[in-house]
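Accompanying notes for the structure given below.
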Amino acid sequence: MLPLVTPQQAAGKHWDIIICGSSFSAMFFALGLAPHLSVLFVEKGGHQPHDDQIQGRIAGLEDFDHNNQSGQPKDWVAHSLLGGNSNCWWACTPRFHPSDFRMRSLYGIGQDWPVSYGELAPFYQQVENVMQVSGGGSDHILPRSAPFPFPDHIPSRTDMLLREKSHNWFAQPTARANGGDRANCCANGVCNRCPVDAKFTILNSISAFTRPNISLLLNSEMRSVNIQAGKATGVVVKTSTGAETQIDANTVALGANAIFNAAILLRSGVQHPNLGKGLNEQVSVRVDIAGPGLGYFGGTSITGHGYDLYDGAHRRDNSGILIETYNSPAIISTEFGKWGNIAQLKLIAEDLPQDQNQVRLTEDDNSSPVIDWHGHSDYALAGLKWGVSQLPELLPDGVEVTHISDLSTTEAHLMGTHPMGNDPSRHVVNGQLQVHGVAGLFALGSGAFPTTSPANPTLTLAALALRAAQAVAT
């Protein structure tokens, strides 16, 4: 554990940096800071040890005020506790594709990022090393300057068969251990709680982030940032008793999530036409396939990634698609002697931020976030329809699609609401995740993504946070 402080102790000191949250972006931002700086983490939730997590539900699941106008069920997954969503994630760690950072230039869609794949690559590598990512050597469709830290997991029978048809199937990079100082993945398919503690979490890897001058304040919600003369000077924190306390600092970094970061900025008086707008996440379908040679027996829960439908000219008209191969036997064949000749794929589509999907504050007292949700973009839905239509061309002879699920609208990847870019009139933060017009204030996390990707966002948001720490004055 990090050294704990009380609200009174925190308020009695002037900190170099106060960080909101204690999950991926918060911790990797702190990792990149100069070691002599005094750092205070302000965490809304408490500490739930891993042993308690595997006995029941993970604590701190947020219940947001949600105005859902989409006509489809929609949940927003966010946990407020030490380590945040690192406690419940499935530890899928692909990098974004180089084209994801240049969607406007390449395909006339969305916006270009103010940072390129090449600029982010060394930070990707650092995060992969800390997370002890398993993925194999340097042979991957995405450019790499060094091998993954650890070997890839054993492929499933399905992966091996799909690779015979296409060269664009690779092992999924994952922070579910296959080497390193954590137990190896047991491939049991309950990764949200991970009974053997194989996946990377903040809790089981806290030593990577521990250094002198760091303290932790638990059960205390950061409500707003104090801003004077265009500079962040500290924060207002609500403790578990409901009392509000002011804590002074030279720099403030928001590392909660796209919903809470936006709410804190709004309560702090930050005014920007795009603040809170563009909340989004990916959308997906699951596809059952059957045929000779398919099957499980791989070394982890999700073993493969298919890139045939990811990048290309089709992204002018519809989203790219990342395909996952599942090794957890959620389905079996009912045909005698062919119990295992079946598999499940997941097709994941990127979404486009839409202004109507937004985070705002309650109208009566401007105190709590409200989510206005009108559904996924036509771009994303068209991508899934196209992806399903293309799938038979990627399957080996004798393998056919047997079932397509309804849309899965909850990928638990909250993105948008404070987009990054170099134009202060259009972007809330710059390429170093500093809020335009407010010195010493950073808004970390995937809320800064100006566009999304078919790939999981965690590795990218962690790499961006590590990179952003370079901009902190020492």
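- Residue Thr300 holds its OG1 atom at 8.5 Å from CG of Asn178, rounded to the nearest 0.5 Å.
- Listed here is the closest heavy atom pair of Ala177 and Ser134: C-OG, 4.0 Å.
- Trp386 has its ring centre less than 6.0 Å from the ring centre of His314.
- A distance-only check finds a donor-acceptor pair linking the side chain of Lys165 to the backbone of Leu395 [under 3.5 Å].
- Interatomic distance, OG of Ser453 versus CD of Glu350, reported as 6.5 Å (0.5 Å rounding).
- Relative orientation of the Trp113 and Phe96 rings is perpendicular, given thresholds of 30° and 60° on the angle between their planes.
- Legend: residues meeting salt bridge (Lys or Arg N to Asp or Glu O under 4.0 Å) with Asp311, ordered by chain and number and at least two apart, are Arg315.
- By the salt bridge (Lys or Arg N to Asp or Glu O under 4.0 Å) test, Asp152 is found to be paired with no residue, residues two or more places apart in sequence or in another chain being considered.
- Partners of Asp308 by salt bridge (Lys or Arg N to Asp or Glu O under 4.0 Å), not counting sequence neighbours: none found.
- Listed by chain and number, the residues in a side-chain contact (heavy atoms from CB on, under 4.5 Å) with Ser224 are Val236, Arg267, Ser268 (sequence neighbours excluded).
- The minimum heavy-atom distance between Gly135 and Ala171, with the atom names listed, is O-CB, 4.4 Å.
- Using a distance-only test at 3.5 Å, with no hydrogens or angles considered, a donor-acceptor pair links the side chain of Ser446 to the main chain of Leu414.
- Screening residues 223-236 for salt bridge (Lys or Arg N to Asp or Glu O under 4.0 Å), with sequence neighbours left out, gives Glu221-Arg223.
- For the atom pair CG (Leu407) and OG (Ser70), the distance works out to 10.0 Å, reported to the nearest 0.5 Å.
- Counting only distance, with no hydrogens or angles, the side chain of Asn257 and the backbone of Phe260 share a donor-acceptor pair below 3.5 Å.
- Taking CG of Leu266 as the reference point, atom NE2 of His418 lies at 10.5 Å (rounded to 0.5 Å).
- Distance alone, capped at 3.5 Å, is enough to place a donor-acceptor pair between the Thr325 side chain and the Gly304 backbone.
- Ring planes of Trp373 and Trp76: perpendicular class, angle over 60° (limits at 30 and 60°).
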- Task: Assess whether side-chain hydrogen bond (donor to acceptor under 3.5 Å, both in side chains) is satisfied between Thr201 and Asn87, documenting all intermediate values.
- Result: CA-CA 6 Å; Thr201 69; Asn87 294 284; 5.2 Å; no
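- Looking at Thr174 and His153, their side chains come closer than 4.5 Å, going by heavy atoms from C-beta outward.
- Side-chain contact check for Asp112 and Ser105: at least one donor-acceptor pair (N or O, by modelled atom type) lies under 3.5 Å.
- In summary, the side chains of Asp288 and Thr402 do not present any donor paired with an acceptor at a separation below 3.5 Å, with no hydrogens or angles considered.
- Scored by the side-chain contact (heavy atoms from CB on, under 4.5 Å) test, Thr362 finds Asp65, Asp364, Asp365, Ser367, Ser368, Val370 as partners (sequence neighbours excluded).
- Closest of all the heavy-atom pairs between Pro369 and Ala263 is CB-CB, 3.9 Å.
- Between Phe170 and Tyr307, the two ring planes are perpendicular [angle over 60°; tilted spans 30° to 60°].
- The number of heavy atoms from other shown groups lying within 6.0 Å of CG (Asn67) is above 12.
- Using modelled atom types, one side-chain atom of Arg467 and one backbone atom of Gly431 make a donor-acceptor pair closer than 3.5 Å.
- The six-membered or imidazole ring of Phe209 lies near that of Phe28, with a centre-to-centre distance under 6.0 Å.
- With 3.5 Å as the limit, one finds no donor-acceptor pair spanning the side chains of Asn357 and His374.
- Scored by the side-chain contact (heavy atoms from CB on, under 4.5 Å) test, Pro143 finds Pro98, Tyr117 as partners (sequence neighbours excluded).
- Counting all heavy atoms, side chain and backbone alike, Lys199 lies closest to Cys194 at N-SG, 3.5 Å.
- A distance-only check finds a donor-acceptor pair linking the side chain of Glu119 to the backbone of Ser116 [under 3.5 Å].
- With sequence neighbours excluded, the residues that form a side-chain contact (heavy atoms from CB on, under 4.5 Å) with Arg316 are Tyr107.
- Within the 4.5 Å cutoff, no side-chain heavy atoms of Gln111 are placed close to those of Met103.
- With hydrogens and angles disregarded, a donor-acceptor distance shorter than 3.5 Å links the side chain of Thr409 to the backbone of Pro73.
- Panel note: side chain Asn318, backbone Tyr379; no donor-acceptor pair is recorded below 3.5 Å.
- Contact of the Asn280 side chain with the Leu352 side chain is not registered, since no non-hydrogen atoms from C-beta on lie closer than 4.5 Å.
- Of the inter-residue distances, the one linking Leu441 atom CG with Asn226 atom CG reads 11.0 Å to the nearest 0.5 angstrom.
- Without hydrogens or angle criteria, Gln434 side chain to Gly440 main chain gives no donor-acceptor distance under 3.5 Å.
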- Item | Worked check of side-chain hydrogen bond (donor to acceptor under 3.5 Å, both in side chains) between Tyr124 and Asn129 | CA-CA 9 Å; Tyr124 272 142; Asn129 290 340; over 6 Å; no
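- Taking both residues in full, the closest heavy atoms of Ala412 and Val77 are given as CB-CB, 3.7 Å, listed atom of the first, atom of the second, then distance.
- Every pair passing salt bridge (Lys or Arg N to Asp or Glu O under 4.0 Å) that includes a residue from residues 409-427 is listed here, sequence neighbours excluded: Lys346-Glu411, Asp423-Arg426.
- A donor-acceptor pair is defined here as one N or O able to donate and one able to accept, closer than 3.5 Å; such a pair exists between the side chain of Ser86 and the backbone of Ile202.
- Minimum interatomic distance between Gly21 and Ala26 (heavy atoms only, all atoms of both residues): O-CB, 3.4 Å.
- Put simply, the side chain of Ser301 reaches to within 4.5 Å of the side chain of Trp90, judged on heavy atoms.
- Applying the salt bridge (Lys or Arg N to Asp or Glu O under 4.0 Å) criterion to Glu62, with sequence neighbours excluded, gives Lys44.
- Residue pairs satisfying the salt bridge (Lys or Arg N to Asp or Glu O under 4.0 Å) criterion with at least one member in residues 121-132, sequence neighbours excluded, are listed as follows: Arg95-Glu128, Glu128-Arg144.
- Inter-residue side-chain proximity for Lys74 and Glu281 is flagged as met; some heavy-atom pair is nearer than 4.5 Å.
- In this structure, CG on Asn456 lies 6.5 Å from CD on Gln282, to the nearest 0.5 angstrom.
- Legend: ring-ring contact (aromatic ring centres under 6.0 Å, His included) pairs involving residues 427-447, not counting sequence neighbours, sorted by first then second residue: Phe29-Phe442.
- Two residues are said to be in side-chain contact when any heavy atoms from C-beta on lie closer than 4.5 Å; Asn250 and Ile17 fail this criterion.
- Using a 4.5 Å heavy-atom cutoff, the side chains of Thr410 and Val283 are not in contact.
- Residues Leu345 and Leu391 meet the side-chain proximity criterion, which asks for heavy atoms closer than 4.5 Å.
- By the neighbour-count criterion of 12 heavy atoms within 6.0 Å, atom CG of Leu361 is densely surrounded, having more than that number from other residues, nucleotides or ligands.
- Side-chain atoms of Gln344 and Arg286 include a donor-acceptor pair closer than 3.5 Å.
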